[in-house]
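Notes to accompany the following structure.
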Amino acid sequence: MRRYGKHTDEDDIRTRPGRRNTRPRTNIRPKHEDAAEGLVLTVDRGRLTCLVGDRVVMAMKARELGRKAAVVGDRVALVGDMSGKKDTLARIVRIEERTSVLRRTADDDDPYERVVVANADQLAVVTALADPEPRPRLIDRCLVAAYAGGLDPLLVLTKSDLAPPDKLLELYGHLDIPYVVTSREELQNGSAVARVREQLDGKITAFVGHSGVGKTTLVNALVPEEQRRTTGHVNAVTGRGRHTTTSALALPLAGSDGWVIDTPGLRSFGLHHVDPAQVIHAFPDLEPGTEGCPRACSHDEPDCALDAWVAEGHADPARLYSLRRLLSTRERKEGD
């Protein structure tokens, strides 16, 4: 059946435009100059809880950001509905430049790195002195990640009522790392919380530690007004929950402009992403001695210039030992 008459003209025939002509393309992207500034508090299955002014806003990442992901601690720019009302959603259109990054990999052989926290000032490594036993290799790995990411380390030793801290403090004494020793009784009466707060005021502090060391208990004591659920799993038989943190969460430190970021309990801390050359920056007394090192020196080989530098009295030999112990953590397992 003919659609057109006998005497048709080209202008009478309707043509379907090709795919390339259906929509004009441009490389120009909106700058979102009027976007609001926010702080990412937590991330859960593609939804990001952000603090915008004094409002808590739910947001999602804009498609234009591609694979770039925002993490807890990120400063972001948002557009859309920022009323903070139920069932509203804003868009994160920009992630601001980070001042520090705490990264980890699943293992030393895993090339995929995961950003745990951004823009933190310091990393509080929480470890129990007993029950469970301290894991120095895991502590070393956390310290290396802190140095490589631009964070200042802080040691928080818990359960001093079960074991003395002397042996562990002696192991890290030459690193000049600030520390706080706490007991369970001191946590209950508040004296330990006050000492820890002195190290946190005015700073953004990320807390890390393996399960059972009392990390989340300490964070809840520091931020008592935050009644958050930490029972991540309930046993189907006993009905008992496991006290745990399932995702990183940023909390304001009451009475201070500081922030506390609680992170999930660690089982391992891979360092595949760490360049050994970054660790030397945490040893300013040793760094000048590396000028005579061969190219790509690992600082733990026969031709390393640090041996002669220390032998000449420029630095304490114990500091060189501490540096090399940290550098060798990639070759050792956490449980060694």
Side-chain angles (χ1 to χ4, degrees), residues 37-43 48-54 56 70-76 95-104 115-127 139-158 169 172 175-182 186-187 190-209 213-226 228 245 247-266 269 278-279 281-284:
E37 296 181 358
L39 171 68
V40 178
L41 302 180
T42 190
V43 181
L48 298 93
T49 304
C50 304
L51 182 66
V52 181
D54 58 353
V56 175
V71 300
V72 174
D74 265 325
R75 299 285 178 178
V76 295
I95 302 173
E96 306 297 349
E97 185 177 354
R98 294 164 174 167
T99 58
S100 67
V101 177
L102 178 65
R103 296 184 175 94
R104 62 181 287 256
V115 179
V116 182
V117 173
N119 300 321
D121 299 306
Q122 62 182 354
L123 180 68
V125 183
V126 184
T127 186
I139 297 174
D140 288 350
R141 287 168 171 264
C142 292
L143 295 180
V144 170
Y147 292 139
L151 291 79
D152 296 324
L154 168 69
L155 287 180
V156 181
L157 309 181
T158 62
L169 290 177
Y172 295 97
L175 290 172
D176 297 329
I177 300 173
Y179 64 89
V180 181
V181 180
T182 70
E186 289 175 328
L187 278 176
S191 60
V193 175
R195 294 202 306 275
V196 175
R197 279 184 60 99
E198 293 177 1
Q199 302 288 339
L200 309 182
D201 284 339
K203 301 176 182 178
I204 300 176
T205 305
F207 279 70
V208 298
V213 299
K215 172 179 58 66
T216 299
T217 300
L218 177 59
V219 171
N220 286 338
L222 289 165
V223 194
E225 68 273 15
E226 293 289 337
R228 53 195 177 95
T245 300
S247 60
L249 175 65
L251 300 166
L253 192 61
S256 168
D257 58 350
W259 284 81
V260 172
I261 301 178
D262 192 12
T263 65
L266 296 174
F269 206 111
Q278 295 176 301
V279 182
H281 298 321
F283 295 80

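Only heavy atoms go into these numbers, but all of them, side chains included; no hydrogens, no water, no symmetry mates.
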**OP:** Could you pull out all residues at least two apart from Thr99 that satisfy side chain to side chain contact (heavy atoms under 4.5 Å, CB included)?
**Re:** Asn119

Original post:
Taking only residues two or more places apart in sequence or in another chain, which ones pass side chain to side chain contact (heavy atoms under 4.5 Å, CB included) with Val101?
Top reply: Arg98, Arg103, Val115

Original post:
Taking the side chain as C-beta and beyond, is there a heavy-atom pair between Asp74 and Glu96 under 4.5 Å?
Top reply: no

Original post:
For Thr49, which residues count as a side chain to side chain contact (heavy atoms under 4.5 Å, CB included) partner, sequence neighbours excluded?
Top reply: Leu41, Thr42, Val56, Met58

**OP:** Report yes if some heavy atom in the side chain of Thr158 is under 4.5 Å from a heavy atom in the side chain of Val126; otherwise report no.
**Re:** yes

Subject >> Carboxylate-amine/guanidinium proximity below 4.0 Å for Glu186 and Arg195 >> reply: yes

**OP:** Could you walk me through whether Val117 and Thr263 pass the side-chain contact (heavy atoms from CB on, under 4.5 Å) test, one step at a time?
**Re:** CA-CA 9 Å; Val117 173; Thr263 65; 4.0 Å; yes

**OP:** Kindly write out the residues that satisfy side chain to side chain contact (heavy atoms under 4.5 Å, CB included) with Tyr179, not counting sequence neighbours, or none if the list is empty.
**Re:** Leu155, Leu169, Val181

Subject >> For Glu37, all residues meeting side-chain hydrogen bond (donor to acceptor under 3.5 Å, both in side chains), sequence neighbours excluded >> reply: none

For residues 199-206, please give each side-chain donor-acceptor pair under 3.5 Å, one per line with the distance, not counting sequence neighbours.
from, atom 1, to, atom 2, distance (Å)
Asp201, OD1, Ser256, OG, 3.4
Thr205, OG1, Gln122, NE2, 2.9

Original post:
So do Leu123 and Leu102 actually touch side chain to side chain, heavy atoms under 4.5 Å?
Top reply: yes

**OP:** Evaluate the criterion side-chain contact (heavy atoms from CB on, under 4.5 Å) for residue pair Leu154 and Val156; output intermediate values, then yes/no.
**Re:** CA-CA 7 Å; Leu154 168 69; Val156 181; 4.2 Å; yes

